[in-house]
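Both backbone and side-chain heavy atoms feed into the values below; hydrogens, waters and symmetry mates do not. Since we're looking at a predicted model, the values are computed, not measured.
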Amino acid sequence: MSTSDHSAAPASFSVSVADVELEPEDLDPAQIVSGEPVVTGKVLWESQDGRQVRGIWQITPGVVTDTEADELFVVVSGRATVEVEGGETLEVGPGSACVLREGDQTTWTVHETLRKAYHISY
């Protein structure tokens with residue numbers, strides 16, 4: 001970040017990922033394969049152009065599909081299996097750092113309510 005960009009950025013901050021109160025988020029019923037998963041989240045920061053987003057996201061047990069953006073996330077709690085179509089099957093749990101590529105077609109099998117801190121680039 002250049003010095004001129006820095007002056008427009010929000011103040012630095014810290015949050016307890018486990019304690020942030022999350023808000024309901026829509027989940028397209030067409031994405032649900034099984035169960036009754038509920039998604040909640042909280043955007044902590046978004047770039048002025050909307051191309052970068054940082055926040056916290058949570059999903060309860062169930063199986064869902066998704067088309068991914070470029071994302072780095074770290075799991076804080078919970079456990080899931082993320083199947084990447086044509087690629088790896090990722091087992092993620094507390095402390096896992098995961099990178100997903102834009103366009104990845106994924107199937108998430110959430111075994112225990114999963115909470116993650118993320119950075120997405122569009």
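Here the closest heavy-atom approach between residue Gly41 and residue Glu25 is recorded as CA-OE2, 3.2 Å. Among all heavy-atom pairs drawn from Val75 and Gly78, the shortest one is CG1-O, 3.9 Å. In plain terms, the two heavy atoms of Pro94 and Val76 that are nearest each other are CB-O, 3.7 Å. Heavy atoms only, all atoms of each residue included: Tyr118 and Val43 are closest at OH-CG2, 3.9 Å. Among all heavy-atom pairs drawn from Asp19 and Arg115, the shortest one is N-NH1, 4.2 Å. In terms of heavy-atom proximity, His111 sits nearest to Ala80 at CD2-CA, 3.6 Å.
Shown are Val33, Asp28, Ile59, Val39; of these, the side chain to side chain contact (heavy atoms under 4.5 Å, CB included) with Val64 is made only by Ile59.
Side-chain atoms of Leu100 and Leu90, non-hydrogen and from C-beta on, do get closer than 4.5 Å to each other. Looking at Pro37 and Ile32, their side chains come closer than 4.5 Å, going by heavy atoms from C-beta outward. Inter-residue side-chain proximity for Val110 and Thr60 is flagged as unmet; no heavy-atom pair is nearer than 4.5 Å. You'll find the side chain of Val74 stays beyond 4.5 Å of the side chain of Lys116, heavy atoms only. Looking at Leu27 and Val38, their side chains never come closer than 4.5 Å, going by heavy atoms from C-beta outward.
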Problem set entry | Stepwise side chain to side chain donor-acceptor pair (under 3.5 Å) test for Thr67 and Gln105 | CA-CA 5 Å; Thr67 301; Gln105 301 293 314; 3.1 Å; yes
Exercise. Given the rule in the side chain to side chain contact (heavy atoms under 4.5 Å, CB included) test, do Ile56 and Leu44 qualify, once you have shown the distances and angles that lead to the verdict?
Worked result: CA-CA 7 Å; Ile56 300 167; Leu44 300 175; 4.0 Å; yes
For this session: For the pair Glu71 and His119, evaluate side chain to side chain donor-acceptor pair (under 3.5 Å) and give the outcome as yes or no after the intermediate values.
Result: CA-CA 6 Å; Glu71 179 179 5; His119 175 95; over 6 Å; no
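For the pair Lys42 and Glu23, the salt-bridge criterion is met [side-chain N within less than 4.0 Å of a carboxylate O].
Taking a 6.0 Å sphere around CZ of Arg51, one finds it holds 12 or fewer heavy atoms contributed by other residues, nucleotides or ligands.
Connection of Leu114 to Val84 is established within a shared hydrophobic cluster, with ILVMFWY side chains joined at heavy-atom distances below 4.5 Å, either directly or through further cluster members. Tracing side-chain contacts under 4.5 Å through hydrophobic residues (I, L, V, M, F, W, Y), one reaches Val15 starting from Leu22; they form part of the same cluster. Hydrophobic clustering of Ile, Leu, Val, Met, Phe, Trp and Tyr side chains at less than 4.5 Å, counting indirect connections, unites Trp57 with Val53.
For the residue pair Glu68 and Thr106, a side-chain donor N or O sits within less than 3.5 Å of a side-chain acceptor on the partner. In this structure, a donor-acceptor pair under 3.5 Å is absent between the side chains of Glu83 and Thr107. Between Gln31 and Thr65, the side chains place no donor N or O within less than 3.5 Å of an acceptor N or O (distance only, hydrogens not considered). Between the side chains of Ser47 and Asp49, at least one donor N or O lies within less than 3.5 Å of an accepting N or O.
The backbone N or O of Glu102 lies less than 3.5 Å from a partner atom in the side chain of Asp70, making a donor-acceptor pair.
Aromatic ring centroids of Trp108 and Phe73 lie under 6.0 Å apart.
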